[in-house]
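What follows is a single structure, written as structure tokens, with notes after it.
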Amino acid sequence: MQGMWIRGGRRLAGRYHVSGAKNAVLKMMAAALMTEEPCVLRRAPAIRDVETMAELIRHLGVEVAWQPGGDMRVCARGIGSLEAPQHLVRQMRASVLVMGPVLARMGQVRVALPGGCAIGPRPIELHLRGLRKMGAAITEERGFIEARADRLVGADIHLDYPSVGATENLMMAATLARGTTVIRNAAREPEIIDLQLFLNRMGARVSGAGTSSIRIEGVEGLNGAIHEAVPDRIEAGTVMIAAVMTGGDVTLVNAIPEHLEAVTAKLREAGATVEETTEGLRVTAGERPKPVYLRTQPYPGFPTDMQPQFMALLALAQGASIVTETVYTSRMKHADELRRMGADIVVDGQVAIIRGVRRLTGAVVEASDLRAGAALILAGLAAEGETVVDGIHHVDRGYEALDVKLRALGAEIRRIGEGVPVVSGLPVAKA
Ligand code: EPZ
């Protein structure tokens with residue numbers, strides 16, 4: 001299993017370029033299935049989830065290719081297969097987002113039911129209920145969802161919960177439906193606004209993304225489009241916290257401040273300075289972080305995808321903090337690993353009490369999922385001594401060249417593979 005070796009204590013400083021948003025690009029790749037014309041996603045992030053989505057799209061018989069300069073080209077001239085296989089859906093839950101597009105274009109789709117994952121059971125009943133309202137006949141058997149509809153019909157859909165994926169799946173399906181669809185209590189994430197922009201560039205007629213009510217007027221067909229996704233606000237937030245935890249001074253060159261308002265507010269509450277500059281966001285650490293109360297919420301509330309990383313910061317705060325996770329049922333596994341580094345954290349269900357300690361100490365820890373892994377890397381950057389974060393394949397799902405980009409800010413961090421000689425649990429660091 002690949003790991004990341006870190007020697008903590010280095011202050012991060014400099015300029016950091018944020019990659020394109022994983023949680024925007026994955027959906028745009030799915031949306032490209034709805035036209036036989038080529039689509040180009042400019043500077044798509046070279047991360048494992050994008051590779052997995054490309055593998056799924058190739059499995060559907062569609063051309064996907066990286067172009068020089070890092071652009072991703074998808075050309076669904078025809079769709080040869082209508083099935084998203086179990087091994088790919090299990091590997092990446094976002095695979096279910098091909099359901100709406102393939103059903104809308106082909107009138108039929110078969111998708112393996114996504115299992116749960118490290119952060120909790122992740123059902124898709126909101127996706128299915130919405131598609132049924134649009135006239136799809138949906139059956140579930142032997143772990144697969146089968147959906148059929150000669151042509152989807154516009155409907156007025158109210159989501160019980162502002163699910164990001166359900167909003168996106170239904171939004172995409174509705175672009176080719178007959179008539180108008182309204183999605184109420186829709187998710188409001190910035191990536192959904194970006195998806196609306198991409199769909200409209202393809203000739204769709206979508207409005208209201210970013211609000212709780214999204215209106216889609218169905219059209220007869222869509223064309224190809226070129227688009228560059230918004231910067232990844234979670235990557236940006238992760239690095240903002242790295243700057244604060246290491247006493248650093250980092251400018252996130254292309255971050256979009258309004259996408260990070262909740263994170264910025266909490267970092268300021270914890271004593272950091274966050275300034276909007278002409279280049280993006282500049283983060284400078286204050287004295288020892290102050291404790292805060294954190295409660296994750298759907299956007300524009302504090303993002304669940306930043307909860308593990310912020311907990312790593314609070315482990316060093318001057319006092320006790322409370323973190324409440326309201327989006328997932330078990331997104332606290334990183335607390336066990338932070339404790340191995342000396343953190344004082346008590347978890348009760350979806351609530352964690354973090355009593356700040358003066359310093360963390362390096363250890364061999366293991367990532368359970370993408371953002372937990374990121375949190376452990378942050379802890380390693382701030383800890384005394386050496387840390388190895390195992391299971392770095394989780395982090396590679398959503399962060400492009402994170403070690404390279406952090407080294408450029410002064411971090412002592414490098415990837416280690418199997419077979420690296422280790423003594424007392426830590427790799428024998430080369431000179
Ligand atoms: C997206 O997942 C993101 N993934 C997640 O980011 C993010 O944590 C999540 O939105 C919330 O912001 C992508 O965009 C690829 P949801 P998604 O549907 O769409 C429950 C990361 O780290 N739910 O808003 O799956 C669900 O179980 C990943 O980049 C239902 O109960 O999120 C969860 O508890 C992790 N029924 C909650 O809603 C449904 O039909 C939020 O899920 C759908 C969802």
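Hydrogens, waters and symmetry mates play no part in the numbers below; they use all other heavy atoms, side chains included. We count ligands from 1, going down the list as the structure has it; atoms in each ligand are counted the same way. We're numbering straight along the sequence, starting at 1.
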Ala94, any N or O under 3.5 Å of ligand 1 N or O
no
What atoms of ligand 1 come within less than 4.0 Å of a heavy atom belonging to Lys22?
21 (C), 29 (O)
Tell me, which protein residue and heavy-atom name are nearest atom 14 (O) of ligand 1, and how many Å apart are they?
Lys27 NZ, 2.7 Å
Protein heavy atom at shortest distance from atom 9 (C) of ligand 1
Tyr328 OH, 3.3 Å
Heavy atom under 4.0 Å from ligand 1: found in Glu191's side chain, backbone, both, or neither?
neither
With heavy atoms only and a cut-off of under 4.0 Å, state how Val327 meets ligand 1: side chain, backbone, both or neither.
both
Gln350 side-chain N/O to Glu325 backbone N/O, donor-acceptor pair under 3.5 Å
yes
In terms of heavy-atom contacts, does CZ of Arg407 have more than 12 from other residues, nucleotides or ligands at under 6.0 Å?
yes
Output the list of atoms in ligand 1 that are nearer than 4.0 Å to some heavy atom of Ile124, sorted by atom number.
39 (C), 40 (O)
Could you name the option among Asp305, Val164, Asp49 that has the heavy atom nearest to atom 5 (C) of ligand 1?
Asp305
Go through it in stages, so that I can follow the logic: the residues are His17 and Arg15, the test is side-chain contact (heavy atoms from CB on, under 4.5 Å), and I'd like the CA-CA distance, side-chain angles, deciding distance and then a yes or no.
CA-CA 7 Å; His17 284 261; Arg15 301 164 81 247; 4.1 Å; yes
Please list, in number order, the atoms of ligand 1 under 4.0 Å from a heavy atom of Leu126.
36 (N), 39 (C), 40 (O)
With a cut-off of 4.0 Å, which atoms of ligand 1 are near a heavy atom of Arg371?
21 (C), 22 (O), 29 (O)
Euclidean distance, Ile214 CD1 relative to Ile192 CD1, rounded to 0.5 Å:
5.5 Å
Could you tell me whether atom 7 (C) of ligand 1 has at least one protein heavy atom nearer than 4.0 Å?
yes
What is the nearest protein non-hydrogen atom to atom 2 (O) of ligand 1, stated with its residue, atom name and distance?
Arg122 NH2, 3.4 Å
Pull out every atom of ligand 1 sitting under 4.0 Å from any heavy atom of Tyr161, numbered as shown with elements.
37 (C), 38 (O), 41 (C)
What is the ring orientation for His59 with His87, classed by angle as parallel under 30°, tilted 30 to 60°, or perpendicular over 60°?
perpendicular
Starting from atom 27 (O) of ligand 1, which protein heavy atom do you reach first, and at what distance in Å?
Pro121 O, 3.3 Å
Is the closest side-chain heavy-atom distance between Leu294 and Thr324 below 4.5 Å?
no
Counting from 1 in the order shown, the ligand 1 atoms closer than 4.0 Å to a non-hydrogen atom of His127 are 40 (O)
Any side-chain heavy atom of Asn169 within less than 4.5 Å of one from Pro101?
yes
Kindly confirm or rule out an N or O of Glu168 lying under 3.5 angstrom from an N or O of ligand 1.
no
Only one of Arg371, Arg48, Lys22, His394 passes side chain to side chain donor-acceptor pair (under 3.5 Å) with Tyr399, and that residue is Arg371
Can you report which non-hydrogen protein atom sits closest to atom 18 (O) of ligand 1, along with the distance?
Ser163 OG, 2.7 Å
Regarding Glu228 and Arg43, does a basic nitrogen lie under 4.0 Å from an acidic carboxylate oxygen?
yes
Any nitrogen or oxygen of Thr304, side chain or backbone, less than 3.5 Å from one on ligand 1?
no
Atom 15 (C) of ligand 1 sits nearest the protein heavy atom Asn23 OD1, 3.3 Å
Using the ring of Tyr299 (Phe, Tyr or Trp, six-membered ring only), decide whether Arg188 places NZ or CZ under 6.0 Å from its centre and within 45 degrees of its axis.
no
With a cutoff of 4.0 Å, is Gln297 in contact with ligand 1, counting heavy atoms of the residue only?
no
Any Met92 heavy atom less than 4.0 Å to ligand 1:
no
Arg129 with Asp160: basic N within carboxylate O range, under 4.0 Å:
yes
Specify the protein heavy atom at minimum distance from atom 19 (O) of ligand 1: its residue, its atom name, and the distance to 0.1 Å.
Gly165 N, 2.8 Å
How does Glu125 reach ligand 1, by side chain, by backbone, by both or by neither, if only non-hydrogen atoms under 4.0 Å count?
both
Is the shortest distance from a Lys or Arg side-chain nitrogen in Glu191 or Lys27 to a carboxylate oxygen in the other one below 4.0 Å?
no
Arg93 neighbourhood, listing ligand 1 atoms whose heavy-atom distance to it stays under 4.0 Å:
25 (O)
What atoms of ligand 1 come closer than 4.0 angstrom to any heavy atom of Arg331?
8 (O), 22 (O), 35 (C)
Any protein heavy atom under 4.0 Å from atom 35 (C) of ligand 1?
yes
Carboxylate-amine/guanidinium proximity below 4.0 Å for Arg233 and Glu235
no
Under 4.0 Å from ligand 1, counting heavy atoms only, is it the side chain of Tyr299, its backbone, both or neither?
neither
Please examine the side chains of Met341 and Thr387, heavy atoms only from C-beta on, and report whether any two atoms are closer than 4.5 Å.
yes
Check ion pair Arg184-Asp156 (N to O, under 4.0 angstrom)
yes
Shortest protein heavy-atom distance from atom 23 (N) of ligand 1, along with the residue and atom involved:
Pro123 O, 4.1 Å
Taking 4.0 angstrom as the limit, do Asp396 and Arg415 come out as a salt bridge?
yes
